[in-house]
Protein chains: 4
Amino acid sequence: MNSFGRIFRIHIFGESHGDCVGLVIDGCPAGLPLTVEEFLPDLERRKGGVQKGTTPRKEDDIPIFKTGLFNGKTTGAPLTILFENKNTRSGDYEKQRSVPRPGHADFTAHAKYGGYEDFRGGGHFSGRLTVCLVAAGVIARKLMQAVDIRAEILEIGGEKDLEAGLQKAIDQKDSIGGIVECRASGLPVGLGEHFFDSVESVLSHAVFSIPAIKGIEFGAGFAAAGMFGTEHNDAMIDAAGKTATNHAGGVVGGITNGNELVFRVVVKPTSSTPKEQQTWNWDHNQVEPFSVKGRHDLCIALRVPVVLESVTALVLADLMMLEQKINKIL
Amino acid sequence: MNSFGRIFRIHIFGESHGDCVGLVIDGCPAGLPLTVEEFLPDLERRKGGVQKGTTPRKEDDIPIFKTGLFNGKTTGAPLTILFENKNTRSGDYEKQRSVPRPGHADFTAHAKYGGYEDFRGGGHFSGRLTVCLVAAGVIARKLMQAVDIRAEILEIGGEKDLEAGLQKAIDQKDSIGGIVECRASGLPVGLGEHFFDSVESVLSHAVFSIPAIKGIEFGAGFAAAGMFGTEHNDAMIDAAGKTATNHAGGVVGGITNGNELVFRVVVKPTSSTPKEQQTWNWDHNQVEPFSVKGRHDLCIALRVPVVLESVTALVLADLMMLEQKINKIL
Amino acid sequence: MNSFGRIFRIHIFGESHGDCVGLVIDGCPAGLPLTVEEFLPDLERRKGGVQKGTTPRKEDDIPIFKTGLFNGKTTGAPLTILFENKNTRSGDYEKQRSVPRPGHADFTAHAKYGGYEDFRGGGHFSGRLTVCLVAAGVIARKLMQAVDIRAEILEIGGEKDLEAGLQKAIDQKDSIGGIVECRASGLPVGLGEHFFDSVESVLSHAVFSIPAIKGIEFGAGFAAAGMFGTEHNDAMIDAAGKTATNHAGGVVGGITNGNELVFRVVVKPTSSTPKEQQTWNWDHNQVEPFSVKGRHDLCIALRVPVVLESVTALVLADLMMLEQKINKIL
Amino acid sequence: MNSFGRIFRIHIFGESHGDCVGLVIDGCPAGLPLTVEEFLPDLERRKGGVQKGTTPRKEDDIPIFKTGLFNGKTTGAPLTILFENKNTRSGDYEKQRSVPRPGHADFTAHAKYGGYEDFRGGGHFSGRLTVCLVAAGVIARKLMQAVDIRAEILEIGGEKDLEAGLQKAIDQKDSIGGIVECRASGLPVGLGEHFFDSVESVLSHAVFSIPAIKGIEFGAGFAAAGMFGTEHNDAMIDAAGKTATNHAGGVVGGITNGNELVFRVVVKPTSSTPKEQQTWNWDHNQVEPFSVKGRHDLCIALRVPVVLESVTALVLADLMMLEQKINKIL
């Protein structure tokens, strides 16, 4: 399903090189004021074309409100937002139809959809759709004024000096991976559920919808494998549940404990790399060298922080609504 | 929700020290033969009391089929299975009501459920409920004869020599964490969906319902952060999508590519440890030293492999049904 | 799916002649006191064996709480209740395996489940499962103290004198249908949603899960077809939305308007009738006369009121929770 | 939720006097060819402005494919279709803001959404959104070539002579109700499920999303209340389940039996009527006479058949996909 959330529900649609991408939010409380301007900073953070290592493709990324907004406020009816695709160069891709690009969804999409998929620029699988997630995140955050969500890049190419990591890729004329950390403070105790709808469950469900993410860890994460119980356990130091350490990352038994929510994700190197690669050619029926055309990010991790914050925001907004912490009419 | 799956749907219920734990499976195809005996090996693998480092609590763990089975075969109606709780010593817990145990859900459950939660042995939050997941897994695997799912412990306490890792904990009189890897082969190309229902999304959703898991990574996982694109990309070497390497862990664009599905999870050290800890005392309203009573595993990771296989099986069975790869009548 | 509800969710399972029938309620608020005794009046109302025209099969129908209850109160974890089947005479049914009984699900269940279905007494399709709905209804009503829900039989066999209608069936040695009306007062304005989750949508969805119901109408219902707009429209007479008439049955635009919710259902004649019928014989491969064995109700409508109230209660409780009108901790 | 369906899922959005209305279909099989032209006949049938008794508002109603279509065929990704609103006269409505129109959702929407709702022309509650249902129906029908679905008006204003019924309303300068019947043939045995997802359940759920429908009955429907069991029961006359009569309307035990699916709905008189009515005035705080402005249908039932067929088609397509009767790649 292209839907996420139980109460605050988002549906996304669109293709990289089609008319537009967009989203519908169902279950957004009524009375939330929204202006185009307040979407721009996060949309700008997500955009390529600015930082070293990001794609030169530039889209205006202006949210077009189609439904659900009246006199500048949400109505309680489904909120539809479109983003036009203007700056596409599909010709680049049509030439490569016979070569399923390594690391991309070309092969799996082809198999799953029988060749009917829109393959241009990754079609519906494109990172272009993350613009929808960011738009949803802007709205979700406005519903949770007391919650602060921030993501930042921890390392690129194994380097904590991010410039150095990026330079490695530039020097190698290759793409490179990274690690991004996200923190949310100001959360109430009690979000999430035992077992299937634990905070880790629903958050990771949403986070893995971001293309290129291949791992997630909460709190101490994989380091916990080498820890003793008395090291990992976070001692409570007051009646409100504040803990001396935060190895749990703010989630115990699947439920927020009021401490900071902390998790990290790994972002694989951009699949499109300037370097020549080997892959199967469907027309020639053999392995052949292959070079990616098109415009791409050297390090997609650079664009992930705002997307990660956004996805986190929409998950948390939904959990808050489930716990009746956000009113249905604002 | 205590439910998981879109077509092959599981609901779990029960408490550690109540009458029973159990599950209902909705959407199981009709005509699947089931006997008590075929559940026993996996239930045995999950049980404590055998391996060094696991809890001396012993349950018979005999599945009791209550509904949905007729003449030894599934009927297509909801399949209900109970496991009785016999070997409980709740008294151990009642004494500790005033101390929310660090690492356990005592505090979060208390906050979320207003003190009405069944706190004995962790109640509904207990690892006891994983017996339900294992039972569901046995059934899911029978629906996918061509699929082979195997999990194994990779390291304990940072040691690849597992005995050594365990000995560290025993020497320290403390609990210890570990890493478990799961692999599934024989999968068709095309399971999973773009974005919100990617294989990584639904699998991680289910996996984080297993208590004590705090991270998951697919294929190269977190190591991808230090890789170049040409290193990480898996070159296709035949028309069926076989790849020379498998850094993607068998999932590209959220969809299985026919290669082995590979992922790893980190299991935190058992929260209950023989060592004295500090935590808040609700009665005395201050931080106090505290020792865990009750019977517990030194290294809960030892019991995770079969649970992880089971959860993987039930996710895959559901995805297979969505893709019409399993018939509704067998 | 054998599940209903978005927040207050019920799952039902079991067969007429199996071990038991039962239910799991997920999402029930924590802190609700429950005793066996408070279930008995409604369970008694549903039971056969008392009224003229109802089946002589008698079950004790004692709810057995298996999970989710602690110290006599709900815990917020899934609440599981079983009802044992004791008073079964399956032999009656085994003889009739080759004859799909007209009006029963024998044929459709056989086709859908490939002959693996438990056919004894209708198996999972039996009205026996309505005991689960009644149990859920008892709980749902306790969550909505201000709401009063009452159903009553309006006519039997076309007669408003119910005794007379019943006597017609007894005289004819046949079964007979009826109409049942349900009214709920004390509802807040604003339950239900535009379009797909209108009150009429979700209520009818749930109501048609009651076996033998073949129609539902709200307010003026089918009579509206012969009315003019000015006749049917309910004029508002105060600021709270009170209307002079109630042709809408308390729902406008899919949303409750604070007036009484009123709807009626038609209950078909019991499919099992003492009279000889014609039907196909699978063994003889021809149409043959056939007589129903087993114990049955002459007029199943007699048992519907409490079931209808219960289903209405669980729908309303779910809608109330969605609108944040019931707290998650009581 | 503004969503319907488990596999073939539709989401609708938009307002009567906003920019557009539209829909997203998730789960549509890949490879279905779609042209604008094939939507036009059904869209034309739904439109007002042609028949006596329908509104003079005319929209072009040209489907604009935004996503999910590539080279004229569905791709398996979400299919988004918009319909622009051009022919709106919102000024008519702004004047009436202080008067919640009887029979309309003005009052309930205002209460539920705190006054933030788009009230112009009924906003999101408008019958305008049925254009989305019709578009979805066109697609659903193309997925089920062997299934034939037809709806027709049975009576208007209590008259089987429809002209006569309509003339009554015209003479009275009032609006009038009607009854519409829908039949679907060519269905396989086995669609639908026991209890909560019976065919009657899911179909009525969807049907009541059509504005103005206040009742539904299957097969003999409410007439069954006056029938004996031997009258109502449909005798099977061959091994394929063909029945001599069809009082069940093609659904037994919640599951299709291969006979024609037959149901009827009642359509209330259009709430907007040229006659003066009484209702509450929010500004004057008293009951006052009131006349509807704007353009409206005298008998909305005239436009219901194609909408009913469409909704039936999308429910059946979803059930067919659940039963694996429609392939995921065409």
Side-chain angles (χ1 to χ4, degrees), chain B residues 1-3 5-7 9-15 17-27 29-33 64-82 84-85 109 111-120 123-126 129 327-330, chain C residues 1-3 5-7 9-15 17-27 29-33 64-82 84-85 109 111-120 123-126 129 327-330:
Chain B
M1 286 196 289
N2 275 54
S3 304
R6 284 181 65 191
I7 304 288
R9 255 179 102 68
I10 174 179
H11 315 283
I12 63 174
F13 47 84
E15 289 86 20
H17 290 219
D19 272 4
C20 65
V21 296
L23 68 151
V24 179
I25 296 178
D26 200 3
L32 184 74
I64 303 168
F65 298 108
K66 299 297 279 186
T67 75
L69 204 67
F70 182 53
N71 293 333
K73 290 183 177 160
T74 57
T75 63
L79 184 68
T80 308
I81 303 176
L82 299 186
E84 293 181 350
N85 291 329
K112 186 179 181 80
Y113 298 113
Y116 296 112
E117 74 282 2
D118 180 350
F119 57 84
R120 298 167 303 162
H124 180 61
F125 291 81
S126 167
L129 275 94
N327 292 331
K328 297 204 67 169
I329 304 172
L330 298 178
Chain C
M1 286 197 290
N2 275 54
S3 304
R6 284 181 65 191
I7 303 289
R9 255 179 101 68
I10 174 179
H11 315 284
I12 62 173
F13 48 84
E15 290 87 19
H17 290 220
D19 272 4
C20 65
V21 296
L23 67 151
V24 179
I25 295 178
D26 200 4
L32 184 73
I64 303 168
F65 299 107
K66 299 297 279 186
T67 75
L69 204 67
F70 182 53
N71 293 333
K73 290 184 178 160
T74 57
T75 61
L79 184 68
T80 308
I81 302 175
L82 298 187
E84 293 182 351
N85 291 329
K112 187 179 180 78
Y113 298 114
Y116 295 111
E117 75 282 3
D118 181 350
F119 57 84
R120 299 167 303 162
H124 181 61
F125 291 81
S126 168
L129 275 95
N327 292 332
K328 297 204 67 169
I329 303 173
L330 298 178

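Just the heavy atoms: all of them, side chains too, but no hydrogens, waters or symmetry mates, feed the values below. Protein chains get the first letters and strands the later ones, always in sequence-line order, with residue 1 at the start of each.
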| Quick one: what part of B:F125 sits under 4.5 Å from any heavy atom of chain C, side chain, backbone, both or neither? |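 Contact with chain C: none, neither part.
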| Is it the side chain or the backbone of B:L82 that comes within 4.5 Å of chain C heavy atoms, both, or neither? |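 For B:L82, the contact with chain C is made by the side chain alone.
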| field | Minimum heavy-atom distance C:V24-B:V24, with the two atoms named | value |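 That would be CG2-CG2, 4.5 Å.
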| Using non-hydrogen atoms only, which part of C:I7 is less than 4.5 Å away from chain B: side chain, backbone, both, or neither? |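 No part of it gets close to chain B.
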Top residue by heavy-atom pair count (under 4.5 Å) with chain B, among [options]?
| options | result |
| --- | --- |
| C:A109, C:G76, C:G114, C:G115 | C:G76 |
| C:M1, C:H124, C:K66, C:H11 | C:H11 |
| C:T80, C:L69, C:L330 | C:T80 |
| C:P29, C:G22, C:G14, C:G31 | C:G31 |

| task | Sequence neighbours left out, what passes ring-ring contact (aromatic ring centres under 6.0 Å, His included) with C:Y116? Give chain and number order. | result |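 Result, ring-ring contact (aromatic ring centres under 6.0 Å, His included) vs C:Y116: none returned.
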| message | Please verify the inter-ring angle class for C:F119 with B:F70; under 30° counts as parallel, over 60° as perpendicular, anything in between as tilted. | response |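 The rings of C:F119 and B:F70 stand perpendicular, inter-plane angle above 60°.
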| message | Heavy-atom pairs under 4.5 Å with chain C: which of B:R9, B:K328, B:K112, B:K73 has the most? | response |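 Of the options given, most contacts go to B:R9.
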| Would you say B:I12 and C:P78 make side-chain contact, with heavy atoms under 4.5 Å? |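 Side chain of B:I12 against side chain of C:P78, heavy atoms only: no contact under 4.5 Å found.
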Between atom [atom1] of [X] and atom [atom2] of [Y], what is the distance when rounded to the nearest 0.5 Å?
| X | Y | atom1 | atom2 | result |
| --- | --- | --- | --- | --- |
| C:E15 | B:T67 | CD | OG1 | 5.0 Å |
| C:I81 | B:F13 | CD1 | CZ | 11.5 Å |
| C:N71 | B:E117 | CG | CD | 10.5 Å |

| message | I'd like to know if the side chain of C:D26 and the backbone of B:N2 have a donor-acceptor N/O pair within less than 3.5 Å. | response |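 Looks like yes, one N/O pair under 3.5 Å.
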